[in-house]
Amino acid sequence: MKIYFDSAATTSLDPVVIEEMLKYMKDDYGNPSSTHAFGRRTRAAIDLARKRVAGHINAEPGEIIFTSGGTEADNMAILCSVNDLGITHAITSAIEHHAVLYPLEELAAQGRIKLSIVNVKSDGHIDLDHLKELLATNERSFVSLMHANNELGNLLPIKEVGEICREYNAVFHSDTVQTIAHYNLNVRDIYIHFITCAGHKFHGPKGCGFLYVNNEVKVKPMIRGGAQERSMRAGTENVYGIMGLAKALDLAYENLDEHTAYISGLKDYMISRLEENFPGVRFNGDAKGASLYTVLNVCLPETDKKETLLFNLDIEGISVSGGSACSSGSNVGSHVLTAIGSDPNRPSVRFSFSKNNTREEIDYAIEKLKVIYELPVVA
Ligand SMILES: Cc1ncc(COP(=O)(O)O)c(C=O)c1O
């Protein structure tokens, strides 16, 4: 049995998306900047894809810049804000993705910005009172807080944070890599300047994403060398990537309610099976509260098999992500689990689900975990 419970890392390509991409690999391979018929065909396809993508988040097509994925989009939002918007103070949290933390830390190390880290509570939620305090006592700020945490699943009250940013005239970026295609997001209904997307998190291609830049924000390109993406991101477009991303997003939003209900059901089922079988099991973050329905981070009971747990699951055909908080003196481990004070002596396992998983797979994983923990198993 091969079970894939790592959809927050990446997802399989939907066969319909593959079909769409093949068309642009085999037949419609023109360079969109060429003025001949081949070029015009791909130019028109990209223009239409941009319109569809923008429509899904209620943006204008001109507010979408296709990128090589979530990392580039996060980097661009940050660097452009500092380079072009006169930002000298940034606020982020310790649980952000490294695509956000590393560029901000580097800018701070270069002395170009002052960086403030907003407090995160033990349930993984952002301390909004502290955020207001940081905004009130600093220059005009850039705020980067992710919509859903990729390790814990915790959801940010994005609209409320947007309103706080509005009150303090801050520039607001949210890494929405884990929530686009999983929730309806309406950029006209949220006070927000930048959001980011990666196609491979929703059965689209790797190496393709986008940055949404609100029309009112005037920034310059980060990558220079051509007039592509309305001169905002140079380089020949990743045509099949863009077409695949747009198709994957169409499919996700067409079936959003059905997939949300189905995947939420899988997560709830996993929670109840774990609680039935593993006394003392805990969940990192706010699994039963404001939490992404695709992610469940389980803090299992202590075991002397902690170091080999993921390896043993892998041998049984179960692919999951792991990690534990850094123990004192060690710099390996998850910066997110460390930030929320998860017990470093207990193994933490992230199960992340997609429409392709089943309850039978969850039953199988529970039985294999019981074997590892030497608990009685169903014959
Ligand atoms: C929250 C978050 N931000 C950013 C990224 C980076 O996206 P990409 O792999 O497309 O560069 C990821 C993916 O791992 C992510 O989960």
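Positions are given from 1 along the sequence. Whatever order the structure lists them in is the order used to number ligands and atoms, beginning at 1. Hydrogens, waters and symmetry mates play no part in the numbers below; they use all other heavy atoms, side chains included.
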Per-atom contacts, ligand 1 versus Asp74 - under 4.0 Å to a heavy atom: 3 (N), 4 (C)
May I ask whether Lys206 has any heavy atom positioned less than 4.0 angstrom from an atom of ligand 1? no
Between Tyr269 and Asp363, does the side chain to side chain donor-acceptor pair (under 3.5 Å) criterion hold? Intermediate values first, please. CA-CA 9 Å; Tyr269 183 64; Asp363 290 335; 2.5 Å; yes
Here the atoms of ligand 1 under 4.0 Å from any heavy atom belonging to Met146 are 1 (C)
Heavy-atom distances under 4.0 Å decide this one: backbone, side chain, both or neither, for Glu72 against ligand 1? neither
With sequence neighbours left out, write down each residue that passes side chain to side chain donor-acceptor pair (under 3.5 Å) with Lys121, or none if nothing qualifies. none
Looking at Phe202, Tyr212, Tyr253, which hits ring-ring contact (aromatic ring centres under 6.0 Å, His included) with His56? Tyr253
Distance under 4.0 Å to a non-hydrogen atom of Ala198: what atoms of ligand 1 satisfy this? 10 (O)
Record the part of Thr71 in heavy-atom contact with ligand 1 below 4.0 Å; permitted values are side chain, backbone, both and neither. both
Side-chain donor-acceptor pair present, Asn312, Lys305, cut-off under 3.5 Å: no
So, 4.0 Å and heavy atoms of His200: is ligand 1 close enough to count as a contact? yes
Would you mind finding which of Asn149, Thr179, Asp175, Ile95 brings a heavy atom closest to atom 4 (C) of ligand 1? Asp175
